[in-house]
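Structure first, commentary second.
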Amino acid sequence: MEARRRSNKVADDAVKASDALPLPLYLTNAFFLTLFFSVVYFLLIRWREKIRNSTPLHVVTLSEISAIVTFVASFIYLLGFFGIGFVQSVIIPRAPVEDDEDDIIDFDQLMVKEDTRSTPCAAAPKLDDLKIASPRPVSKKSEIVDTVKLEGADEEIVKSVVEGKIPSYALESKLGDCLRAAAIRREALQRVTGKSLDGLPLEGFNYESILGQCCEMPVGYVQIPVGIAGPLLLDGMEYSVPMATTEGCLVASTNRGCKAIAASGGATSSLYRDSMTRAPVVRFATAKRAAQLKLFLEDPLNFETISLVFNSSSRFAKLQNIKCAIAGKNLYIRFSCSTGDAMGMNMISKGVQNVLDFLNAEFPDMDVIGISGNYCSDKKPAAVNWIEGRGKSVVCEAIITGDIVTKVLKTNVASLVELNMLKNLTGSAVAGALGGFNAHASNIVSAVYIATGQDPAQNIESSHCITMMEAVNDGKDLHVSVTMPSIEVGTVGGGTQLTSQSACLNLLGVKGANKEAPGANARQLATIVAGSVLAGELSLMSAIAAGQLVKSHMKYNRSNKDVAS
């Protein structure tokens with residue numbers, strides 16, 4: 001009986017109306033579109049002739065009757081296809097997946113089958129419930145043709161992903177369940193690679209929050225511990241600074257620097273520039289034409305017009321200046337603008353595109369090679385960022401009293417000043433450093449960036465920093481400062497909206513957009529980053545001057561666990 005029922009089901013599925021029209025969909029559509037407009041044109045011509053000849057419109061010939069019937073038929077097809085989408089299922093058969101001659105399974109039906117789990121969509125089911133936690137042999141005879149349960153549906157989807165019949169990237173849109181899609185993708189990956197992902201967490205993460213904006217094709221998430229350094233006393237306010245890192249001693253060292261700063265009366269910061277940049281590259285037939293555009297863009301008389309075009313892309317985008325660099329027939333145009341509380345790459349890119357479209361009218365021979373020509377420069381070390389700045393430019397300073405240097409930092413002022421000159425200044429110059437005149441600014445920048453949802457790759461230019469130390473008050477106290485020209489941060493957009501990162505921003509009091517003063521939250525976050533770097537520089541330099549660096553790392557940054565296995 002079971003075999004007969006399955007045989008009848010296959011037989012029923014095998015005979016379809018679509019078999020009568022085995023045409024590709026685009027050919028079918030082209031045919032009916034051509035037919036529709038042809039008969040419409042024919043009927044309009046005949047109608048006009050009847051009006052001219054005073055012939056009654058209801059008197060029709062055989063050819064006109066045929067045209068009317070064809071018109072109605074083609075109209076019904078087009079209305080059905082573009083209106084309710086049933087024609088594809090009638091004209092184009094779903095590509096079935098054959099396990100063997102007897103079993104045919106429609107995977108599209110499996111994927112849209114109702115999720116029968118008792119837990120809500122956002123809850124994280126156990127892999128045991130999904131029945132895909134561990135690979136199982138793929139049998140030649142499918143056991144789920146007649147009664148397809150959720151577990152069986154997921155198993156078949158995994159098999160189809162492994163076989164390349166369902167693209168991995170389409171699972172979220174097909175299933176409508178991001179967690180389920182991640183679990184299926186994860187299992188398919190394990191089967192294809194033969195490598196286990198045990199230890200990479202899957203449950204406990206809201207995958208809907210990253211859909212289409214933060215990460216594609218997720219199979220889990222990585223856990224990074226978050227420590228708190230502080231309080232950092234900066235500009236009269238105290239901040240508990242979240243730092244996401246796996247490096248031992250980093251949070252503890254920064255915390256010691258915060259303690260020294262607070263005990264000495266706190267640090268002060270000044271944000272002296274706020275401008276994100278984007279630099280497209282355009283090309284002309286001659287270098288003379290490239291030079292003409294350069295002069296046009298840098299002419300103050302044209303700036304107001306270009307600003308209006310640029311600023312129309314966003315209510316927060318405000319064009320500040322344009323600087324050009326020419327290389328033969330190629331022109332690199334560096335736009336700088338404010339971006340509110342957003343880091344602003346998408347915002348400025350829209351404004352730049354508006355300007356390029358506008359310039360095409362004035363310079364029709366301009367060939368836009370790329371929206372970014374690396375003169376920006378984003379996520380790469382570049383002298384232009386070190387000199388001109390990018391994002392927020394901040395200088396932060398503090399005076400550390402002599403007794404705090406001795407009691408908290410365990411060293412003395414003279415040793416710190418000498419070490420800074422020979423290490424951060426002279427040593428970096430010998431190495432040919434570009435913006436790297438510091439001890440470890442990138443350590444603190446990276447940790448704060450990851451914790452607060454910034455783009456970690458922008459740590460490259462954001463860590464440009466020069467650390468200065470000088471003895472003051474007759475050599476008794478220490479003046480320390482960090483100057484950072486390219487801190488690229490935002491408090492809206494990107495990873496800042498994720499739950500964990502949003503919590504860290506909330507801890508600092510800079511979550512989201514500032515309604516009263518747009519851009520104030522992002523600027524405040526930049527000063528906090530600079531203040532944290534100041535604390536980290538002060539503590540590490542003191543550890544090196546006191547000979548404590550190796551001892552502390554051997555104690556706190558080495559695992560005692562046996563990892564041989």
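Computed over heavy atoms, backbone and side chain alike; hydrogens, waters and symmetry mates excluded.
We find that Asp378 and Arg390 are joined by a salt bridge, their nearest charged nitrogen and carboxylate oxygen being less than 4.0 Å apart. With salt bridges taken as basic N to acidic carboxylate O contacts below 4.0 Å, one links Asp455 and Lys379. One finds no salt bridge joining Glu461 and Lys380 here, because no Lys/Arg side-chain nitrogen approaches an Asp/Glu carboxylate oxygen to under 4.0 Å. Using a 4.0 Å cut-off between charged side-chain N and carboxylate O, Lys323 and Glu388 make a salt bridge.
Looking at heavy atoms from C-beta onward, Phe296 lies in side-chain contact with Leu359 at the 4.5 angstrom threshold. Contact of the Gln524 side chain with the Thr491 side chain is not registered, since no non-hydrogen atoms from C-beta on lie closer than 4.5 Å. With a 4.5 Å cut-off on side-chain heavy atoms, Tyr272 and Thr483 count as touching. Leu293 places a side-chain heavy atom less than 4.5 Å from the side chain of Phe284. The shortest distance between side-chain heavy atoms of Met366 and Arg289 does not fall below 4.5 Å. Contact annotation: the side chain of Ser462 never approaches that of Met484 to less than 4.5 Å [non-hydrogen atoms, C-beta and beyond]. Using a 4.5 Å heavy-atom threshold, the side chains of Leu538 and Leu478 count as touching. Between Glu397 and Val480 the shortest side-chain heavy-atom distance does not fall below 4.5 Å.
For the residue pair Gly328 and Ala290, the shortest heavy atom distance occurs at O-CB, 4.1 Å. In terms of heavy-atom proximity, Cys396 sits nearest to Ala530 at CB-CB, 4.1 Å. The shortest non-hydrogen separation linking Asp341 to Ala520 is OD1-N, 3.5 Å. The minimum heavy-atom distance linking Cys465 with Val533 is given by the pair SG-CG1, 4.2 Å. The shortest non-hydrogen separation linking Ala471 to Val417 is N-CG2, 3.7 Å.
The environment of Arg283 atom CZ is sparse: at most 12 non-hydrogen atoms of other residues, nucleotides or ligands sit within 6.0 angstrom. Within a 6.0 Å sphere centred on CG of Asn346, other residues, nucleotides and ligands contribute 12 heavy atoms or fewer. A 6.0 Å sphere centred on NZ of Lys318 holds more than 12 heavy atoms belonging to other residues, nucleotides or ligands. Around atom CD of Gln292, more than 12 heavy atoms belonging to other residues, nucleotides or ligands sit under 6.0 Å away.
Residue Met345 holds its CE atom at 14.0 Å from NZ of Lys350, rounded to the nearest 0.5 Å. Between Ser428 atom OG and Asn438 atom CG the span is 7.0 Å, to the nearest 0.5 Å.
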Report task. Step by step, work out the side-chain contact (heavy atoms from CB on, under 4.5 Å) result for Thr527 and Leu234. Result -> CA-CA 8 Å; Thr527 62; Leu234 177 66; 4.2 Å; yes
Query - Test log, rule side-chain contact (heavy atoms from CB on, under 4.5 Å), inputs Tyr332 and Asn374 - result: CA-CA 9 Å; Tyr332 298 81; Asn374 275 9; over 6 Å; no
Report task. Using the side-chain contact (heavy atoms from CB on, under 4.5 Å) rule, take Val352 and Leu356 through it: C-alpha gap first, then chi angles, then the decisive distance, then the call. Result -> CA-CA 6 Å; Val352 168; Leu356 292 176; 4.1 Å; yes
Query raised in the report: side-chain contact (heavy atoms from CB on, under 4.5 Å) between Val282 and Ile369: does it pass, once the steps are laid out?
Result: CA-CA 5 Å; Val282 299; Ile369 303 301; 5.9 Å; no
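Paired with Val355 under the rule side-chain contact (heavy atoms from CB on, under 4.5 Å), one option of Val309, Leu319, Ile322 passes, and it is Val309. Of the residues listed (His440, Lys423, Glu537), the one engaging Thr467 in a side chain to side chain donor-acceptor pair (under 3.5 Å) is Glu537, and it is the only one.
Listed for the Ser173 side chain is a donor-acceptor partner under 3.5 Å among the backbone atoms of Ala170. The backbone N or O of Gly493 sits less than 3.5 Å from a side-chain atom of Thr496, completing a donor-acceptor pair.
Using cut-offs of 30° and 60° on the angle between ring planes, the pair Tyr221 and Phe205 is parallel. Classified by interplanar angle (parallel below 30°, tilted 30° to 60°, perpendicular above 60°), the ring pair Phe310/Phe335 is parallel.
Asp274 and Ser338 share no side-chain donor-acceptor pair at under 3.5 Å. Neither side chain, Gln454 nor Gln501, offers a donor N or O lying under 3.5 Å from an acceptor on the other.
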